Amino acid sequence: MKRDSLLKGTLILALAALIARVIGVLQKVPLVYLLGDAGMASFGIAYNLYFLLLTVSTVGIPSALSKLVSERADTGGMAEARQIYRASLAFAAVAGLVLTALVIVFAPQYAALADDPEAVPAIRALAPALLLFPMIAMMRGYYQGLRFMTPNGLSQIVEQIMRVGTAVLLAWLLLEWGFSRPVAVAGASFGGVMGSIGAMAVLVWFAWRIRKSGEYAGSGADREKPARTIGQIYKLIFTYSIPIILGSLAVPIINFIDSSTVIPLLKGMMGYDSAKETLGILTGRAQSVAGIPVILAIAVSQTALPVISSAFARGDRAEVERRASQAMWLSTVFGAWLVLVIAVSAKPLNGFVFGDVKGTHVIILLTFASMLQVAMMTGNSILNGLGKLKRAAAHVYVGIAVKLAATFLLTWWLGIGGAIASTMLCFLVIALLNHRMIRRDIRLNVLGGRRLQFLAAVAATGLAGWGTLMLCERWVVGLGGPRIDFFFQTAITASVTGGLYVVLLFAFGVVGEREASILPGRFGKWASRFVRS
């Protein structure tokens with residue numbers, strides 16, 4: 001298995017995550033129809049708690065594992081890398097058992113905190129997924145450290161297919177058999193358990209394939225090196241992982257804050273039922289759609305961390321600066337592309353996926369917030385690669401403090417818009433702190449003095465996209481029902497917006513020879529033809 005470059009690894013993970021995300025968004029069509037926005041609120045509460053606990057138990061260690069493995073893979077230390085990997089799997093197995101038990105026992109208490117007792121069955125039905133997902137995360141971290149991104153990407157797709165298929169099928173069957181809505185929501189939540197089984201099967205198959213081929217078995221001298229003790233291994237793992245865990249909690253904590261406070265804060269303003277429906281729009285619609293640009297940041301972060309860590313461990317400053325600049329460029333240029341396409345097309349996309357345009361403004365606002373999230377996550381990854389793990393974590397908690405204070409200050413005034421505005425402020429603060437710290441250690445050359453050209457391309461694309469949408473709303477109607485109209489309006493608006501953005505990047509000189517050179521194979525040759533000299 002050949003190692004993946006920064007761009008190739010990013011493309012593999014981004015494409016896989018995009019496919020998984022699209023499948024996840026499309027599942028909301030039948031689920032919203034079957035469960036309603038109130039049922040989706042309970043579904044969202046269960047998943048936000050699940051993702052928070054999963055992040056606490058796993059995110060730091062797989063990232064630390066990726067960093068440790070990447071450093072040792074280039075310096076002849078694969079025996080030690082495999083030893084660290086096995087210790088991580090053992091920890092994941094224990095963590096999975098403990099978390100599953102805790103979630104099952106304390107589900108009623110968390111549901112009461114979120115002011116939604118109907119969420120208890122959904123939380124408990126999802127809990128068994130925590131048995132496998134910590135180990136899945138460790139395996140993905142190991143492959144990431146070796147720079148093999150295909151196993152991670154394929155496992156995400158299989159996971160999502162099994163999760164969505166199970167969720168929709170069980171929700172429909174349980175309602176058909178006369179069970180209540182909370183039970184049907186629990187059936188939908190159980191899809192996460194089946195998804196974990198599918199992902200584990202894919203990763204185990206790749207592990208068997210690598211072991212059978214003998215790749216990365218280590219040299220004879222490597223295998224004879226004295227092994228670390230278990231205590232030394234866990235000390236090394238947690239020295240790296242704890243700061244990464246703390247730094248990776250931004251989004252789960254933000255979602256946790258929103259899930260826990262939106263109903264209590266808004267019910268005095270609009271009533272309990274309307275407040276719960278608003279939360280369902282936020283968790284069931286906006287977070288799904290606005291999460292699409294974030295898949296790019298996740299892909300860039302997962303690919304950049306081992307590459308930058310390896311170069312930093314070798315003392316290759318020039319390579320560190322080059323890779324960090326590439327990561328920032330990918331996040332900025334492609335992140336803006338995704339945000340523009342989704343924000344401009346949000347109204348017909350909302351109508352096509354969910355059957356009506358309710359909550360479109362929430363989707364648009366959260367999509368713009370996701371651009372700041374992309375910048376924040378990429379900066380965190382670069383800082384972790386530079387060994388600034390504690391500073392990256394500290395920045396996150398400054399942002400979380402801003403989020404918490406702003407939630408209570410702004411939600412009373414702006415409603416759900418205040419909750420999203422507080423999220424924007426959180427991401428902005430973290431991103432600015434990260435950027436300042438990175439610039440202290442290395443030089444970044446992201447847009448090469450072409451910031452104004454980039455902003456002009458973004459502004460022109462946005463205006464043209466909105467104009468296209470207005471024309472579509474006037475002329476692309478009556479094609480066979482509202483959903484068909486929404487589909488074609490989305491397709492035309494998204495195509496014009498996305499295509500024009502790419503054209504303007506070349507026309508305004510945002511993409512130069514340097515950027516074209518990092519594109520793989522034929523894409524790079526094709527792009528070089530349109531670069532302005």
Side-chain angles (χ1 to χ4, degrees), residues 4-22 149 153 156 289-305 307-308 322-346 367-382 427 431 434-435 444-448 450-451 453-462 465 494-524 526-528 530-531:
D4 299 317
S5 65
L6 174 61
L7 184 59
K8 182 179 178 182
T10 298
L11 291 175
I12 290 172
L13 292 180
L15 181 60
L18 178 61
I19 293 171
R21 176 68 67 172
V22 169
M149 303 304 173
Q156 288 181 50
V289 175
I292 293 175
V294 180
I295 66 177
L296 175 69
I298 295 171
V300 171
S301 299
Q302 290 180 343
T303 310
L305 176 59
V307 173
I308 294 174
R322 186 171 75 90
R323 295 299 192 179
S325 297
Q326 286 181 2
M328 278 292 190
W329 184 83
L330 287 168
S331 293
T332 302
V333 174
F334 285 98
W337 179 56
L338 290 169
V339 167
L340 279 171
V341 169
I342 294 170
V344 171
S345 309
T367 299
F368 283 126
S370 70
M371 187 66 221
L372 297 172
Q373 184 181 348
V374 168
M376 174 203 76
M377 294 177 69
T378 305
N380 273 355
S381 181
I382 293 173
F427 290 150
N434 286 346
H435 186 71
L444 288 176
N445 183 12
V446 181
L447 292 171
R450 290 162 287 184
R451 293 185 182 88
Q453 293 93 320
F454 170 70
L455 293 175
V458 170
T461 301
S495 298
V496 170
T497 303
L500 180 62
Y501 177 74
V502 174
V503 170
L504 292 181
L505 288 181
F506 286 96
F508 291 176
V510 177
V511 176
E513 293 182 2
R514 183 193 66 167
E515 291 77 21
S517 67
I518 69 174
L519 297 174
R522 295 180 180 177
F523 290 103
W526 176 84
S528 63
F530 300 94
V531 171

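Here, residue 1 is the first one in the sequence, and each next residue gets the next number. Just so it is clear, the structure is predicted and the values come from calculations on it, not from any experiment.
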Please find the pair of heavy atoms, one from Thr461 and one from Ala457, that lie closest to each other, and give the distance.
OG1-O, 2.7 Å
Value for CZ (Phe454) from CH2 (Trp329), rounded to nearest 0.5 Å, stands at 10.0 Å
Given side chains that start at C-beta, do those of Leu444 and His435 come closer than 4.5 Å, heavy atoms only?
yes
Between Val341 and Ala494, the two heavy atoms sitting closest are CG1-CB, 3.7 Å
Cut-off 3.5 Å, no hydrogens considered: what does the side-chain donor-acceptor table look like for residues 373-381, sequence neighbours left out?
{"from": "Thr378", "atom 1": "OG1", "to": "Ser331", "atom 2": "OG", "distance (Å)": "2.6"}
{"from": "Thr378", "atom 1": "OG1", "to": "Val374", "atom 2": "O", "distance (Å)": "2.9"}
{"from": "Asn380", "atom 1": "OD1", "to": "Asn434", "atom 2": "ND2", "distance (Å)": "2.9"}
{"from": "Ser381", "atom 1": "OG", "to": "Ser301", "atom 2": "O", "distance (Å)": "2.9"}

Search all heavy atoms of Gly462 against all heavy atoms of Val344 and return the closest pair with its distance.
O-CG2, 4.3 Å
Which heavy atom of Ile382 sits nearest to which heavy atom of Ile308, and what is that distance?
CG1-CD1, 4.0 Å
With rounding to the nearest 0.5 angstrom, report the CZ to CD1 distance, Phe368 to Ile342.
11.0 Å
Taken to the nearest 0.5 Å, the spacing of Met371 CE from Thr332 OG1 works out to 5.5 Å
Review item, side-chain donor-acceptor pairs of residues 495-504, under 3.5 Å, at least two apart:
{"from": "Ser495", "atom 1": "OG", "to": "Ala491", "atom 2": "O", "distance (Å)": "2.6"}
{"from": "Thr497", "atom 1": "OG1", "to": "Thr493", "atom 2": "O", "distance (Å)": "2.8"}
{"from": "Tyr501", "atom 1": "OH", "to": "Val333", "atom 2": "O", "distance (Å)": "2.7"}

Smallest heavy-atom separation, Ser370 atom then Ala290 atom, equals CB-O, 3.4 Å
Could you tell me which non-hydrogen atom of Arg450 sits nearest to which non-hydrogen atom of Leu447, and how far apart they are?
NE-O, 2.9 Å
